[in-house]
**Q** 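This structure is in structure tokens; I'll ask about it shortly.
A quick note: this is a predicted structure, and the numbers were derived from the prediction, not measured.
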2 protein chains.
Amino acid sequence: MTMAERKAFNKREKIIKSAIKIVNRRGYSGTTMEEVAAELLMTKGSLYYYFKNKSDLMFQCNSIVLLEAQEDLKRVLLDESLSIKKRLQEMVFIHIHYAIEENEVFNLIMRPEQLFSEEQLEEVLHLRDEYAAFFDKIIAKGIETKDFNTEDPIMLRMFILGAMNWIQQWYKPNGRLSKKEIQQRFWNYILKLLT
Amino acid sequence: MTMAERKAFNKREKIIKSAIKIVNRRGYSGTTMEEVAAELLMTKGSLYYYFKNKSDLMFQCNSIVLLEAQEDLKRVLLDESLSIKKRLQEMVFIHIHYAIEENEVFNLIMRPEQLFSEEQLEEVLHLRDEYAAFFDKIIAKGIETKDFNTEDPIMLRMFILGAMNWIQQWYKPNGRLSKKEIQQRFWNYILKLLT
DNA sequence: AGACATTTTTAAACATTGTTTAAAATTTGA
DNA sequence: TCAAATTTTAAACAATGTTTAAAAATGTCT
């Protein structure tokens, strides 16, 4: 990688980090290219040197956060020192953590087929599938070991992830329910569904 | 109500009906005032005679659909000829029906606090609370009659409604899973959670 | 029916924001 | 230092929500 390429790569990363913060504050449509640029003392035009367009930038914000969450999940999934149940519990806690803390950017709500180009859409869906597969894997393991018991584990996983994703629609940082409480109670429900 | 008022009222209704169709097809941000107007052979400017702005129009689309769904729920909730369980089952089927068929407009996704004005926001949240209360009521009844058994029924209701709401994020009209299948399996999960 | 008041529609201007462009400024590397 | 490559900029442009003032349509009263 040449000097220039490395520099561009770093800059791109800085822009994404900046954009993630703003998107989580203002939402997708509330985020303007101008504000993202201003944060880094640039003009909005320069962003187009690094990103094809706004939806490309949003796409990359989403991808970064999703990949980060995937890393967290993978670490737990492969931790053989933990029981299957414990591993799923931690994965549930991680998912809820992201749904709450990276709410807007974690799963860019809105029909992705409207926001994204054909190729982007394919990649987003692929990333989401990969992400969900982590949950499928641990559930499958648990069925094998008889820790869990359910028909149609895929549908159940969709049910469970949906319930968690929706948290971002009502969670308020200083509301009645703390993140910890939500994690704990949601985990109880999920365990009940799986046994 | 004078003639003119009645006419304006009807026109408003026509516009809303038209907008609902378009929003369900194109999503919130994909819907332009121009397209809504064109559907009724008007120019976009005239819409502002009937609605304060786009978000006001969206708000009223959302309200209409939400109120319609509330009516459906109420009918079932009060139908004493059905067992508690059966009533909840029908309510679940109704909710999933709306989540699928009126996907985009049923619960206007996106932070309502960004889309709506102060007063609108208050009304939206109120409507949503009212809506959720129908589920709380039947669950409370079921707990009384020992049909159901759960601590913290409110949180559980949030879990359940969230799971159902998320369907709109992945449901495809000609996909692998039919509406009926989803309704049936989701109901199984919900029943498991409640007993 | 005709005249006046009210209601409704329109076209055009405007504001905001995403996007493109051509040129200027900066950086790199020999 | 100088030419080539990279990056930034300001300005123009496009799309779309919003406002406005005037025109058109409608309703009402005599």
Side-chain angles (χ1 to χ4, degrees), chain A residues 1-16 18-20 22-23 25-62 104-105 108 110 112 114-117 119-120, chain B residues 1-19 22-23 25-62 104 108 110-112 114-117 119-120:
Chain A
M1 196 153 56
T2 73
M3 177 97 254
E5 280 171 335
R6 219 171 322 143
K7 266 189 62 182
F9 183 87
N10 287 337
K11 189 89 185 220
R12 228 184 305 265
E13 205 163 44
K14 260 191 205 153
I15 296 171
I16 292 173
S18 218
I20 287 176
I22 295 173
V23 173
R25 193 160 60 239
R26 300 221 189 281
Y28 170 75
S29 50
T31 297
T32 69
M33 296 300 269
E34 189 122 41
E35 185 172 359
V36 173
E39 181 98 352
L40 296 166
L41 308 177
M42 307 164 77
T43 57
K44 60 180 177 173
S46 6
L47 294 180
Y48 289 82
Y49 183 73
Y50 298 98
F51 301 92
K52 206 163 145 290
N53 48 37
K54 181 177 175 181
S55 105
D56 181 30
L57 174 56
M58 297 295 114
F59 165 71
Q60 302 213 30
C61 291
N62 179 238
E104 198 72 41
V105 114
L108 274 187
M110 83 242 324
Q114 272 173 30
L115 177 58
F116 294 129
S117 71
E119 326 134 57
Q120 284 171 344
Chain B
M1 195 150 61
T2 73
M3 176 99 252
E5 279 171 335
R6 218 170 326 141
K7 266 188 60 181
F9 182 88
N10 287 337
K11 188 90 184 218
R12 229 183 306 267
E13 205 163 44
K14 259 190 207 156
I15 296 171
I16 293 172
K17 283 282 189 289
S18 216
I22 294 173
V23 173
R25 194 160 59 237
R26 301 222 188 283
Y28 170 74
S29 50
T31 297
T32 69
M33 297 298 270
E34 190 121 41
E35 185 172 0
V36 173
E39 180 98 355
L40 297 166
L41 308 177
M42 307 166 75
T43 57
K44 61 180 176 173
S46 5
L47 295 179
Y48 290 82
Y49 182 73
Y50 298 98
F51 301 92
K52 209 163 144 292
N53 49 36
K54 180 177 175 181
S55 105
D56 181 30
L57 174 56
M58 296 297 113
F59 166 70
Q60 303 214 29
C61 290
N62 180 237
E104 198 72 42
L108 272 186
M110 84 242 324
R111 312 189 168 165
Q114 273 174 30
L115 176 57
F116 294 128
S117 71
E119 327 133 56
Q120 284 172 345

**Q** Can you see if the side chain of A:S46 gets near the phosphate of D:dT9 - specifically, an N or O under 4.0 Å from OP1 or OP2?
**A**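 Yes, A:S46 has a side-chain N/O under 4.0 Å of OP1/OP2 on D:dT9.
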**Q** Please report, rounded to the nearest Å, how far the P atom of D:dG27 is from the CZ atom of B:R6.
**A**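 Roughly 11 Å, once rounded to whole Å.
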**Q** Would you give a per-nucleotide map of nucleotides 17-30 of chain C, 5' to 3', where B means the base has a protein non-hydrogen atom under 4.0 Å away, S means only the sugar-phosphate does, and - means neither?
**A** -BBB------SSS-
**Q** Can you tell me the distance, in whole Å, between the CZ atom of A:R12 and the P atom of D:dT6?
**A**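 That distance rounds to 12 Å.
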**Q** Rounded off to whole Å, could you give me the CG-to-P distance for the B:D56 and D:dG17 pair?
**A**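 Answer to the nearest Å: 14 Å.
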**Q** Over how many whole Å does the gap from B:L41 atom CG to D:dA24 atom C1' extend?
**A**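 Computing the B:L41:CG to D:dA24:C1' distance gives 17 Å.
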**Q** Would B:K54 pass as a cation-pi partner of B:Y28, given that its NZ or CZ must be under 6.0 Å from the six-membered ring centre and within 45 degrees of the axis?
**A**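 Ring-cation test returns yes.
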**Q** Out of curiosity, A:K14 NZ to A:F9 CZ, how far, rounded to the nearest 0.5 Å?
**A**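 Output value for this atom pair is 13.0 Å.
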**Q** Return no unless some side-chain N or O of B:K11 is found under 4.0 Å from OP1 or OP2 of C:dT9.
**A**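 For C:dT9, OP1 or OP2 has a side-chain N or O of B:K11 closer than 4.0 Å.
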**Q** Walk me through whether A:E35 and A:R26 qualify under side-chain contact (heavy atoms from CB on, under 4.5 Å).
**A** CA-CA 10 Å; A:E35 185 172 359; A:R26 300 221 189 281; 2.7 Å; yes
**Q** Just how far, in rounded Å, is P of D:dT7 from CG of A:L40?
**A**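 Taking atom P of D:dT7 as the reference, CG of A:L40 is at 15 Å.
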**Q** Which heavy atom of B:N53 sits nearest a heavy atom of B:M33, and at what distance?
**A**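 Minimum heavy-atom contact is C-CE, 4.4 Å.
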**Q** Nearest 0.5 Å, what's the CE-OH distance between B:M42 and B:Y49?
**A**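 B:M42 atom CE to B:Y49 atom OH measures 10.5 Å (nearest 0.5 Å).
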**Q** Rounded at 0.5 Å granularity, tell me how far CD1 in A:I15 sits from OG in A:S46.
**A**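 Spacing of CD1 (A:I15) from OG (A:S46) equals 7.5 Å.
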**Q** Distance check needed: D:dT7 C1' versus A:F51 CZ, whole Å only.
**A**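 Whole-Å distance recorded here is 14 Å.
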**Q** Where the side chain of B:Y49 is defined as all heavy atoms beyond and including C-beta, which of D:dT9, C:dT7, D:dT7 is the nearest nucleotide?
**A**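 From the listed options, C:dT7 comes nearest.
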**Q** Rounded to the nearest angstrom, tell me the gap between atom CG in B:N10 and atom C1' in D:dT26.
**A**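 After rounding, the reported distance stands at 16 Å.
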**Q** Whether A:T43 contacts D:dT9 is assessed here as follows: a side-chain N or O lying under 4.0 Å from the phosphate OP1 or OP2. Is that the case?
**A**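 Checking D:dT9 against A:T43, a side-chain N or O does come within under 4.0 Å of OP1 or OP2.
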**Q** Can you tell me how far apart OH (B:Y48) and CG (B:D56) are? Round to the nearest 0.5 Å.
**A**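 Going from the OH atom of B:Y48 to the CG atom of B:D56 covers 10.5 Å.
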